[in-house]
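Report on the following structure.
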Amino acid sequence: MSLYPDVQRKGQDELDHVVGPNRLPEFDDYDDLVYIRAIVLESMRWMVVTPLSLPHALIREDEYRGYRIPKGSVISANVWAMLHNPEDYPDPEEFKPERFIKDGKLDPNVRDPLTLAFGFGRRICPGRHLSSGSLFMMVASVLHTLDIHPVTGNNGEKFDPSSEVTTGLVSAPERVPCTLTARSTNAERLIQQSSL
Ligand code: HEM
């Protein structure tokens with residue numbers, strides 16, 4: 001959000017319109033918070049948590065595009081490449097929640113990143129609904145109450161958190177330097193009330 005202030009502002013505009021200043025977002029707002037849901041989808045796509053998913057082993061021989069894959073082979077799905085395929089996601093390096101929206105709704109013709117980011121088949125992540133629901137509440141609550149500002153270097157340049165990520169099974173930014181300020185005195189009150 002610190003890198004994309006326009007995305008942040010659009011999310012906050014939607015929250016102001018749907019939720020208003022006197023309460024925090026709730027799951028009942030889900031259907032109306034289309035842009036917030038698009039931010040969640042784009043977050044899961046742009047910097048996928050498990051870029052090579054989890055390895056699977058073949059229980060029987062298979063064939064893929066003319067290649068024989070023997071039983072017992074270990075395969076890794078390059079989910080990062082799938083989620084950065086410009087045919088499905090033009091300008092894949094850009095963080096653009098708008099790519100998921102058409103006529104004010106989530107566009108069912110755009111490939112849903114959540115069908116890739118949580119793995120595949122019978123071992124698909126059983127925590128996927130908990131995770132995507134929690135992400136929705138987290139993004140909505142943070143943007144509703146806080147402004148996120150980038151920390152700039154000596155020359156005014158913004159640090160890109162995607163430039164330094166951990167390697168291994170799980171990928172996460174090494175650091176996310178930013179400052180947070182309450183959006184208003186109402187927002188401050190909501191934060192204090194929610195921490196009671
Ligand atoms: C953004 C958050 C999460 C991501 C991106 C994620 C991703 C994944 C992926 C890619 C797999 C491997 C699926 C496969 O083998 O094809 C997996 C497996 C698994 N996940 Fe998650 N996960 C997340 C959160 C959670 C949470 C919150 C829980 C528990 C509450 C959870 C529990 C599990 C378990 C138990 C497995 C192993 C399933 C099996 O092998 O049968 N995950 N997850």
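The shown structure was predicted, so the numbers you read here are calculated from the model rather than taken from an experiment. Quick note: numbers below take in every heavy atom, side chains included, and nothing from hydrogens, waters or symmetry partners. We count ligands from 1, going down the list as the structure has it; atoms in each ligand are counted the same way.
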Exercise for the section: Would you indicate whether the side-chain heavy atoms of Ile36 and Leu143 approach each other to under 4.5 Å? Expected result: yes
Problem - Ala117, portion touching ligand 1 at heavy-atom distance under 4.0 Å - result: backbone
Handout entry: Expected output: side-chain Ser131 to main-chain Gly127 donor-acceptor under 3.5 Å
Key = yes
Handout entry: Nearest neighbour of atom 24 (C) of ligand 1 from the list Ala77, Ser131, Pro51, on a heavy-atom basis
Key = Ser131
Problem - Numbered atoms of ligand 1 (with element) below 4.0 Å of Thr50, judged on heavy atoms - result: 10 (C)
Practice task
Starting from atom 6 (C) of ligand 1, find the nearest protein heavy-atom neighbour and note its residue, name and distance.
Solution key: Phe118 CD2, 3.6 Å
Exercise for the section: Please work out which of the three classes, parallel, tilted or perpendicular, describes the rings of Tyr4 and Phe95, given edges at 30° and 60°. Expected result: tilted
Problem - Contact summary for Leu146 and Arg183, nearest pair of heavy atoms - result: C-CG, 3.5 Å
Exercise for the section: May I ask you to decide if Met138's main-chain N or O and Ser141's side chain share a donor-acceptor pair within less than 3.5 Å? Expected result: no
Handout entry: Neighbour count >12 (heavy atoms, 6.0 Å) for atom CD, Glu157
Key = yes
Problem - Min N/O separation Gly127 to ligand 1 under 3.5 Å - result: no
Completion exercise
Logged contact type for Cys125 with ligand 1, heavy-atom cut-off 4.0 Å, is both
Handout entry: Cation-pi, Tyr89 ring and Arg45 (6.0 angstrom, 45 degrees)
Key = yes
Practice task
State whether Phe136 and Arg37 meet the cation-pi test: NZ (Lys) or CZ (Arg) under 6.0 Å from the six-membered ring centroid, and within 45° of the perpendicular axis.
Solution key: no
Exercise for the section: Show which atoms of ligand 1 fall inside a sub-4.0 Å distance from at least one heavy-atom site of His56. Expected result: 14 (C), 15 (O), 16 (O)
Practice task
Within a distance under 4.0 Å of any heavy atom of Ser53, pick out the atoms of ligand 1 and give their elements.
Solution key: 10 (C)
Practice task
Select the closest option to atom 12 (C) of ligand 1 among Ile124, Leu54, Val170, judged by heavy-atom distance.
Solution key: Leu54
Handout entry: ligand 1 to Arg123 polar contact by distance, N or O atoms, under 3.5 Å
Key = yes
Fill in the blank from the handout: Quick note on ligand 1: atoms under 4.0 Å from a heavy atom of Leu130 include exactly 30 (C)
Handout entry: Test log, rule salt bridge (charged side-chain N to carboxylate O under 4.0 Å, His left out), inputs Lys10 and Asp6
Key = CA-CA 6 Å; Lys10 274 192 186 175; Asp6 289 350; over 6 Å; no
Handout entry: Shortest protein heavy-atom distance from atom 19 (C) of ligand 1, along with the residue and atom involved
Key = Pro126 CD, 3.7 Å
Problem - Interfacing atoms of ligand 1 (cut-off 4.0 Å, heavy-atom, Val49) - result: 5 (C)
